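Please read these numbers as outputs of a predicted model, since none were measured by experiment.
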Amino acid sequence: MFYMTTPREQSETAEPGSEVSWWTLARCRGIDPVVFHPAEGDPGEEAKEICALCPVRESCLDHALTAREKDGVWGGLTAIERRRLVRRLRRSA
């Protein structure tokens, strides 16, 4: 299995003012990434509860949409919810 460093993990080494600086303010920082990658069929409620009060939730969601993150909960939305959001946004444009 290929392992890639996630933004949550990169936040540990982010430099102030860098493009990843918003991650240093994320509530998920230091939480086990497994929480944000729930099993198939799991709605990811634990992750969503953490995201709900996160001060950088919008930046996180923007990152996920821009980077086309295919897995996990980002900005309080699962991959399926993000795809639905993208479709709604395209229809309303």
Student: Considering only residues two or more places apart or on different chains, which pairs with a residue in residues 77-90 satisfy side-chain hydrogen bond (donor to acceptor under 3.5 Å, both in side chains)?
Tutor: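 Sorted pair list: Lys48-Glu81, Thr78-Glu81.
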
Student: Just so I know, are the side chains of Pro38 and Glu45 near enough to count as touching, which here means a heavy-atom distance under 4.5 Å?
Tutor: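 Pro38 does not reach Glu45 side chain to side chain.
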
Student: With hydrophobic residues grouped by side-chain heavy-atom distances under 4.5 Å, do Leu77 and Val86 end up in a single group?
Tutor: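 Yes, one cluster joins them.
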
Student: Testing the basics here: between Val73 and Cys51, what is the closest heavy-atom pair and its distance to 0.1 Å?
Tutor: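 So the two residues come closest at CG1-SG, 4.1 Å.
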
Student: Assigning hydrophobic clusters by single linkage (Ile, Leu, Val, Met, Phe, Trp, Tyr; side-chain heavy-atom cutoff under 4.5 Å), is Leu85 placed with Trp74?
Tutor: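 As far as the 4.5 Å side-chain criterion goes, Trp74 and Leu85 are not connected within one cluster.
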
Student: Return yes when atom CD1 of Ile80 has more than 12 non-hydrogen atoms of other residues, nucleotides or ligands closer than 6.0 Å, and no otherwise.
Tutor: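 At most 12 heavy atoms, drawn from other residues, nucleotides or ligands, come within 6.0 Å of this atom.
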
Student: If you measure from CZ on Arg29 to CD1 on Ile31, what distance do you get to the nearest 0.5 Å?
Tutor: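 So the gap between those two atoms works out to 11.5 Å.
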
Student: Indicate yes or no for a side-chain donor-acceptor contact from Ser92 to the backbone of Leu89 under 3.5 Å, with no hydrogens or angles considered.
Tutor: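 Confirmed, Ser92 side chain pairs with Leu89 backbone.
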
Student: Which pairs pass side-chain hydrogen bond (donor to acceptor under 3.5 Å, both in side chains) with one or both residues in residues 50-62, sequence neighbours excluded?
Tutor: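 Those involving residues 50-62 do not exist here.
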
Student: Identify whether Trp23 and Leu25 are in the same connected component of the hydrophobic contact network (ILVMFWY, side-chain heavy atoms under 4.5 Å).
Tutor: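 Yes, one cluster joins them.
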
Student: Could you tell me which non-hydrogen atom of Trp22 sits nearest to which non-hydrogen atom of Cys60, and how far apart they are?
Tutor: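 For Trp22 and Cys60, the tightest heavy-atom pair comes out as CH2-CA, 3.2 Å.
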
Student: Determine the minimum heavy-atom distance between Ile50 and Arg27, stating which atoms define it.
Tutor: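 Distance-wise, the nearest heavy atoms are O-NH1, 2.9 Å.
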
